[in-house]
Structure formats: structure tokens, C-alpha cells
Colleague: 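Sharing a structure below in C-alpha cells format, with a few things to ask.
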Amino acid sequence: MDIKQEINQHLEWIEKIASLLGSEEVTQAKIDALTQHDKCELGRWLSAEDSRAYRGYPEFQALIDSHAEFHRLAGQLLTALEQENEAEALETGAKFIEMSQQVIGHLQALDKEGK
């Protein structure tokens, strides 16, 4: 597992979210898919055999939790934008960014632990 690669894939996933903002193509099905934290690359890795070496570290569980919350917030953000609820979108957007930073921080901490 290359944690730096996982960080890059996380950032690429955020770019996918950004490309949906204001898009006519956002459907409830897409929002539902985005909230499934176990479907992205990082989510699949978290439950795969490759992550076994990291599971004993406290950061690993923190990563699982923050990653799931990150995906929940992504769906909430897109829903707020689709409903043109600007106040909720701003609040959720700030939480989304904060949670993304937490995910990256947990990944970086695991990277240090694993060396």
C-alpha cells in the first residue's frame, strides 16, 4: 500500500465532487453512490487484506471514521446545493473540507507509523 498514492487518489476524488457542483447531471443515485465510503479506492483498501499491517494503530480506526464521515458530508453537500440551500451548503462545505484534511492527516500519520 502506497499511502502517498492513497492521498493523491483522495484528492482526485475531491476533484470529481467539485466537477459535479453546479452540474445538471447530479442525480439522487449519484449522491447515494458518493456516500458509500466503501466504494472508492481508499474505502476498498480499508477493508482489504493490504491494510492489515496498519489495523493495530489507533490512527487506522480514526481514518475509517473520518473517511465515512467525509463521504456522508459529500452527499449532504451535493444535496444542499441541489436544493439551493446556500446556508447549509456553506456550512457543510466547510465541514467537508475539514474532514478531508482529517482523512489526509490520518493517512500521513499511518505512513509515519508504517516506516
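Computed from a prediction, not measured in an experiment: that's the story for all the values here.
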Colleague: Identify the heavy atoms of S100 and I14 that sit nearest to each other, and give their distance.
Modeller: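 Looking at all heavy atoms of both residues, the shortest contact is OG-CD1, 2.9 Å.
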Colleague: Would you indicate whether the side-chain heavy atoms of T92 and T79 approach each other to under 4.5 Å?
Modeller: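 T79 does not reach T92 side chain to side chain.
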Colleague: Just do the salt bridge (charged side-chain N to carboxylate O under 4.0 Å, His left out) check on E98 and K95 with the steps written out, would you?
Modeller: CA-CA 5 Å; E98 179 183 331; K95 291 176 184 176; over 6 Å; no
Colleague: Determine whether the aromatic ring centres of residues H67 and W45 are separated by less than 6.0 angstrom.
Modeller: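 Judged by ring-centre distance (under 6.0 Å), W45 and H67 do not meet the cut-off.
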Colleague: Please check: side-chain N/O of H37 versus main-chain N/O of H71, any donor-acceptor pairing under 3.5 Å?
Modeller: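 Such a contact is absent between H37 side chain and H71 backbone.
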Colleague: Look up atom CD in E59 and atom NZ in K112, then write down how far apart they are to the nearest 0.5 Å.
Modeller: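 Taking CD in E59 and NZ in K112, the distance rounds to 10.0 Å.
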Colleague: Is the shortest side-chain heavy-atom distance between F60 and L46 below 4.5 Å?
Modeller: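 Side chain of F60 against side chain of L46, heavy atoms only: contact under 4.5 Å found.
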Colleague: What pair of heavy atoms forms the shortest contact from T35 to G75, and how long is it?
Modeller: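 Smallest heavy-atom distance, with atoms named: CG2-CA, 3.5 Å.
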Colleague: Regarding K16 and E12, does a basic nitrogen lie under 4.0 Å from an acidic carboxylate oxygen?
Modeller: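 Salt bridge flag = no for E12 with K16.
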Colleague: At what distance, to the nearest 0.5 angstrom, does CG of D111 lie from CG of D2?
Modeller: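 Nearest 0.5 Å value for the CG-CG distance: 8.0 Å.
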Colleague: Look only at the side chain of S66 and the backbone of L63, and say whether a donor-acceptor pair between them is shorter than 3.5 Å.
Modeller: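 Here the side-chain-to-backbone pair exists.
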Colleague: Write down the atom of A48, the atom of R55, and the distance for their closest heavy-atom approach.
Modeller: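 That closest heavy-atom pairing would be O-NH2, 2.5 Å.
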Colleague: Measuring from atom CG of L34 to atom CD of Q76, what distance do you get when rounded to the nearest 0.5 angstrom?
Modeller: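 L34 atom CG to Q76 atom CD measures 13.5 Å (nearest 0.5 Å).
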Colleague: Does one hydrophobic cluster hold both L90 and L78, with members joined at side-chain heavy-atom distances below 4.5 Å?
Modeller: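 Each belongs to a different hydrophobic cluster.
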Colleague: Mark yes or no for whether Y57, through its side chain, and E113, through its backbone, hold a donor-acceptor pair below 3.5 Å.
Modeller: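 Flag set: sc Y57 to bb E113 pair under 3.5 Å.
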Colleague: Any salt bridge linking E41 with R44? Criterion: basic side-chain nitrogen under 4.0 Å from a carboxylate oxygen.
Modeller: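 Salt bridge between E41 and R44, a charged N being under 4.0 Å from a carboxylate O: yes.
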Colleague: Show the nearest heavy-atom pair for residues L77 and A89, with the distance to one decimal.
Modeller: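 Heavy atoms of L77 and A89 come nearest at CD1-O, 3.4 Å.
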Colleague: Between L107 and I3, what is the shortest heavy-atom contact and its length?
Modeller: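 Closest approach of L107 to I3, heavy atoms only: O-CG2, 3.2 Å.
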Colleague: Could you tell me whether the side chain of H10 reaches within less than 4.5 Å of the side chain of I7, counting heavy atoms only?
Modeller: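 Side chain of I7 against side chain of H10, heavy atoms only: no contact under 4.5 Å found.
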Colleague: Mind checking the CD-CD spacing from E84 to E82? Nearest 0.5 Å is all I need.
Modeller: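 If I round to the nearest 0.5 Å, the distance is 8.5 Å.
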Colleague: Output, in order, the C-alpha distance, side-chain angles, deciding distance and verdict of side chain to side chain donor-acceptor pair (under 3.5 Å) for D32 and Q28.
Modeller: CA-CA 6 Å; D32 292 344; Q28 189 59 47; 2.8 Å; yes
